[in-house]
Amino acid sequence: MHAYLIQSINLFAAVLLLLSFGMLSQRRILTLIHLFTLQGATLVAATAVVAYVTNQHHLYYSAALTLVTKVIVIPILLHRLIHRLNVKWDVETLINIPTTMLIGILLVVFAFNLALPIAQLSSSIVHSTLGIALACVLLSFLMMITRAKAVPQVIGFLSMENGLFFAATAATYGMPMVVEFGIAFDVLVGMFILGVFMFQIREQFDSLDIRHLETLKED
Amino acid sequence: MSWSGLFSQLLEILVALVLAPLVTGWVNQCRAWLQNKSAPSLLLQYRMLRKLFHKESVVAEHASQLFRTAPYIVFGCMTMASGIVPTLSTDLPLSPAADAIALVGLFAFARVFISLAAMDIGTAFGSLGARREMLIGFLAEPALLMVLFSASLITKSTSLTSIAETLAHREFVIYPSLAFAGVAFTLVSLAENARVPVDNPTTHLELTMIHEALILEYSGRHLALIEWAASLKLFAYSCIGLTLFFPWGMAEVGSPQQLILALPVLVLKLAIGGAILALIETASAKMRIFRVPEFLATAFMLAVIGMLVHFLLGA
């Protein structure tokens with residue numbers, strides 16, 4: 001039973017990576033939000049299993065915190081945001097999707113190699129998944145770079161936080177509670193600020209394309 | 001080579017030849033049910049094959065010998081492929097002849113011949129179909145190889161029979177790498193078998209055809225052989241999937257009596273697989289041809305990630 005639980009953590013880690021790739025290749029904002037919700041749910045499951053296997057009670061709290069913020073509150077906020085901004089259609093990417101995926105594979109190879117020596121220092125039972133967590137962070141970075149519109153960039157930012165959270169769980173069984181509460185609160189506030197920011201961008205430029213922000217002066 | 005091995009080999013080829021049109025018929029029937037249509041009979045494929053075999057086959061005036069021989073080569077390749085893939089038993093004398101890599105080569109061989117035959121006549125639709133087929137083929141092959149390599153890395157063998165044996169006998173372990181490989185394999189087999197997101201098997205619109213455009217000039221017994229070969233290809237792909245991801249319930253070396261149980265298990269697995277295929281086909285819309293490279297790049301990427309995850313997690 002114990003062995004299966006540890007294997008299932010590995011499986012959840014793999015699913016996280018799969019969802020990161022799914023988000024990278026997704027064109028529709030609505031599906032992007034669904035994938036993000038799913039990623040949050042996988043993270044909750046993974047954290048809860050780690051908590052059960054290692055008997056670390058504070059991880060249950062952080063799993064619950066993730067459930068409330070990443071799976072319930074933020075997706076609802078995002079849904080309302082895209083409803084009010086009325087942006088459900090295709091997202092345009094700066095690089096075409098197959099190229100993005102190939103770059104993604106290279107990033108995964110890089111992350112796995114980078115994490116190998118670090119993971120060996122850790123005594124956690126799930127230390128080998130650190131590479132996957134790092135790969136998720138880098139893939140979210142890539143998503144933020146390759147997307148031209150503001151909403152997918154925000155989702156990329158949030159998904160990067162998912163990756164970081166998983167990295168903390170994998171390497172050291174989570175961060176101290178105070179830090180976790182702080183981050184969760186930061187993410188929520190950041191979400192509100194970015195929401196307001198997006199309305200401002202659209203009012204100013206009639207579009208959510210952040211390339212408009214590159215010109216500093218009005219012609 | 002033992003007598004029981006020879007028997008299971010022959011039985012397997014026979015079962016493949018008989019069951020393959022049934023699988024295609026079952027997928028069509030499920031699809032019709034899901035789309036609220038009255039379903040065609042399960043035996044429709046057999047009746048169509050019989051009808052086509054009785055018809056005279058008409059060949060274009062400028063057709064070369066290649067055009068006439070291609071259906072036989074394609075049919076032979078697919079029969080050989082379904083003889084190599086373990087379906088009922090892992091005691092197959094033919095299986096050392098070709099491992100997983102050679103099997104992919106066998107599919108490629110058939111594809112080259114059917115494409116050449118389509119271009120041979122010189123009609124616009126033939127060469128259009130041939131070019132699209134080659135485009136899909138050259139993108140799908142590396143992904144399929146990577147899927148097979150993921151399974152080979154776990155079992156330390158590229159022979160499909162020993163992969164099946166090792167996976168079926170090992171105590172149950174969750175392999176994240178096989179989960180990736182499974183998703184990738186589903187995408188590849190949809191593309192390779194001319195199924196909905198990539199190609200529509202029931203289309204009558206020439207501009208969107210891929211597989212149908214290739215065989216537009218064939219008639220009579222040639223067409224029958226090609227249709228049968230297409231069914232066999234679907235059967236072989238389903239069996240590769242079953243071997244890699246659900247290898248339980250096959251007969252083994254030295255116990256031919258298990259063959260009795262293996263056949264109903266295989267039929268059950270194929271029935272479930274066919275229903276899932278019909279569900280996928282109904283739920284997804286056909287994509288533009290220029291989206292296909294993206295679709296197959298995703299499959300390739302997933303398979304590569306599966307291998308990388310295997311190296312990272314050791315599972």
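Here is how names work: the chains are called A, B, and so on, in the same order as the sequence lines, proteins then strands, and each is numbered from 1.
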Okay, B:L296 and chain A: the region with an atom under 4.5 Å from a heavy atom over there is neither
Under 4.5 Å to a heavy atom of chain A? For B:I305 that would be side chain
Side chain to side chain contact (heavy atoms under 4.5 Å, CB included) with B:P176: of A:T129, A:N10, A:L17, only one passes, and it is A:N10
Residue set satisfying side-chain contact (heavy atoms from CB on, under 4.5 Å) with B:D99, at least two apart, ordered chain then number -> B:I101, B:A102, B:T158
Those residues of residues 105-113 of chain A that come under 4.5 Å of chain B on a heavy-atom basis, listed by number, are A:I105, A:V108, A:V109, A:F112
Here the ring pair (Phe, Tyr, Trp, His ring centres under 6.0 Å) pairs for residues 25-45 of chain A, sequence neighbours left out, are A:H34-A:H79
Ignoring hydrogens and angles, write down the donor-acceptor pairs under 3.5 Å from the side chains of residues 129-137 of chain B, residues two or more places apart or on other chains.
residue: B:R132; atom: NH1; partner: B:L207; partner atom: O; Å: 2.8
residue: B:R132; atom: NH1; partner: B:M209; partner atom: O; Å: 3.2
residue: B:R132; atom: NH2; partner: B:L207; partner atom: O; Å: 3.2

Check your understanding: Does A:F141 CZ have over 12 foreign heavy atoms under 6.0 Å away?
Key -> no
Exercise for the section: Kindly check if the number of other-residue, nucleotide or ligand heavy atoms within 6.0 Å of OH (A:Y52) is above 12? Expected result: no
If one checks every heavy atom of A:L130 against chain B at 4.5 Å, the contacting part turns out to be neither
Okay, A:F21 and chain B: the region with an atom under 4.5 Å from a heavy atom over there is side chain
When rounded to the nearest 0.5 Å, the distance separating CD of B:E294 from OG1 of A:T99 is 9.5 Å
CZ (B:F300) and CE (A:M101) are apart, to the nearest 0.5 Å, by 12.0 Å
With chain B, the option among A:L102, A:I132, A:L18 that has the most non-hydrogen atom pairs under 4.5 Å is A:L18
